[in-house]
Amino acid sequence: QLQLVESGGGLVQPGGSLRLSCAASGGTLRYYGIGWFRQAPGKEREGVSCINTSSGDANYPDSVKGRFTISRDKNTVYLQMNSLKPEDTAVYYCAATAFMDRCPDEIQKARLQNFRSWGQGTQVTVSS
């Protein structure tokens, strides 16, 4: 089973950028769906991006489309976040589907139990 570790979170001003990393060990990242999720205090965990590592296709909810970009380089998946807003403040997690499973068509409607491996999360705070 994959082990995932997130990094790259921090404090950034509104309009700024951050790049989060999700490093995988325990296997290759090929043939998985890798999702980025976030959870703000008092809110449910929501999906913000997902990439199918075999094809590279990805999807995003409207709330981040055009601002966030997911990519993969070997055994690391990145989330580039631009034009950050205070409402992007949350703990960000990456997670992997089961082997050979694909991302859901709309990550914001994902069933969290379909993602088998989760990282520990990294805090992103957008504030002036």
Side-chain angles (χ1 to χ4, degrees):
Q1 187 170 344
L2 292 178
Q3 292 85 49
L4 305 176
V5 178
E6 304 96 336
S7 61
L11 172 65
V12 63
Q13 292 187 342
S17 298
L18 281 176
R19 188 176 79 157
L20 305 184
S21 299
C22 174
S25 60
T28 176
L29 268 186
R30 290 195 70 186
Y31 305 117
Y32 288 91
I34 303 296
W36 280 99
F37 297 80
R38 66 186 181 188
Q39 189 165 19
K43 294 189 176 182
E44 293 186 352
R45 194 168 297 189
E46 62 173 352
V48 295
S49 185
C50 196
I51 186 168
N52 291 308
T53 58
S54 58
S55 63
D57 57 289
N59 71 86
Y60 310 84
D62 288 343
S63 59
V64 307
K65 195 173 292 183
R67 300 189 299 122
F68 289 12
T69 303
I70 192 171
S71 63
R72 174 204 167 206
D73 182 14
K74 297 180 181 177
N75 257 30
T76 301
V77 172
Y78 301 97
L79 185 68
Q80 178 67 43
M81 305 187 295
N82 299 328
S83 303
L84 283 163
K85 305 175 182 180
E87 52 263 42
D88 295 318
T89 296
V91 178
Y92 283 71
Y93 302 88
C94 63
T97 64
F99 182 63
M100 296 296 287
D101 280 357
R102 291 177 56 84
C103 294
D105 290 339
E106 295 179 284
I107 185 59
Q108 66 272 25
K109 298 180 180 178
R111 297 180 65 189
L112 301 184
Q113 56 265 42
N114 289 343
F115 287 80
R116 305 296 178 85
S117 302
W118 289 82
Q120 82 289 349
T122 185
Q123 176 71 46
V124 171
T125 302
V126 185
S127 174
S128 55

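We count residues from 1, following the sequence as given. Only this structure's heavy atoms are used, side chains among them; waters, hydrogens and symmetry mates stay out. Nothing here was measured: the structure is a model prediction, and the numbers come from that model.
Minimum heavy-atom separation, Gly121 to Val91: CA-CG1, 3.9 Å. Annotation for Ala98 and Arg116: closest pair N-CG, 3.8 Å, computed over non-hydrogen atoms. Considering all non-hydrogen atoms of both residues, Thr89 and Ala40 come closest at O-CB, 3.7 Å. Looking at every heavy atom in both residues, Arg67 comes nearest to Ser83 through NH1-O, 3.0 Å.
Counting heavy atoms from C-beta outward, Val77 and Cys94 have side chains that stay 4.5 Å or more apart. In this structure, Pro61 and Phe68 have side chains that are not in contact, with every pair of non-hydrogen atoms separated by 4.5 Å or more.
Listed for the Gln120 side chain is a donor-acceptor partner under 3.5 Å among the backbone atoms of Glu6. In terms of modelled atom types and a separation under 3.5 Å, the side chain of Arg72 and the main chain of Lys74 share a donor-acceptor contact. In this structure, Ser49 contributes its side chain and Tyr60 its backbone to no donor-acceptor pair below 3.5 Å.
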Sequence neighbours excluded and cut-off under 3.5 Å, please list the side-chain donor-acceptor pairs for residues 15-38, or say none.
{"from": "Ser17", "atom 1": "OG", "to": "Asn82", "atom 2": "OD1", "distance (Å)": "2.9"}
{"from": "Thr28", "atom 1": "OG1", "to": "Arg30", "atom 2": "N", "distance (Å)": "3.4"}
{"from": "Arg38", "atom 1": "NE", "to": "Glu46", "atom 2": "OE2", "distance (Å)": "2.6"}
{"from": "Arg38", "atom 1": "NH1", "to": "Asp88", "atom 2": "OD1", "distance (Å)": "2.8"}
{"from": "Arg38", "atom 1": "NH1", "to": "Tyr92", "atom 2": "OH", "distance (Å)": "3.0"}
{"from": "Arg38", "atom 1": "NH2", "to": "Glu46", "atom 2": "OE2", "distance (Å)": "3.2"}

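For the atom pair CD (Glu106) and CG (Asp62), the distance works out to 9.0 Å, reported to the nearest 0.5 Å. Rounding to the nearest 0.5 angstrom, the gap separating the CG atom in Asn114 from the OG1 atom in Thr97 is 8.5 Å.
When hydrophobic clusters are built by joining Ile, Leu, Val, Met, Phe, Trp and Tyr residues whose side-chain heavy atoms come closer than 4.5 Å, directly or via intermediates, Leu2 is grouped together with Leu79.
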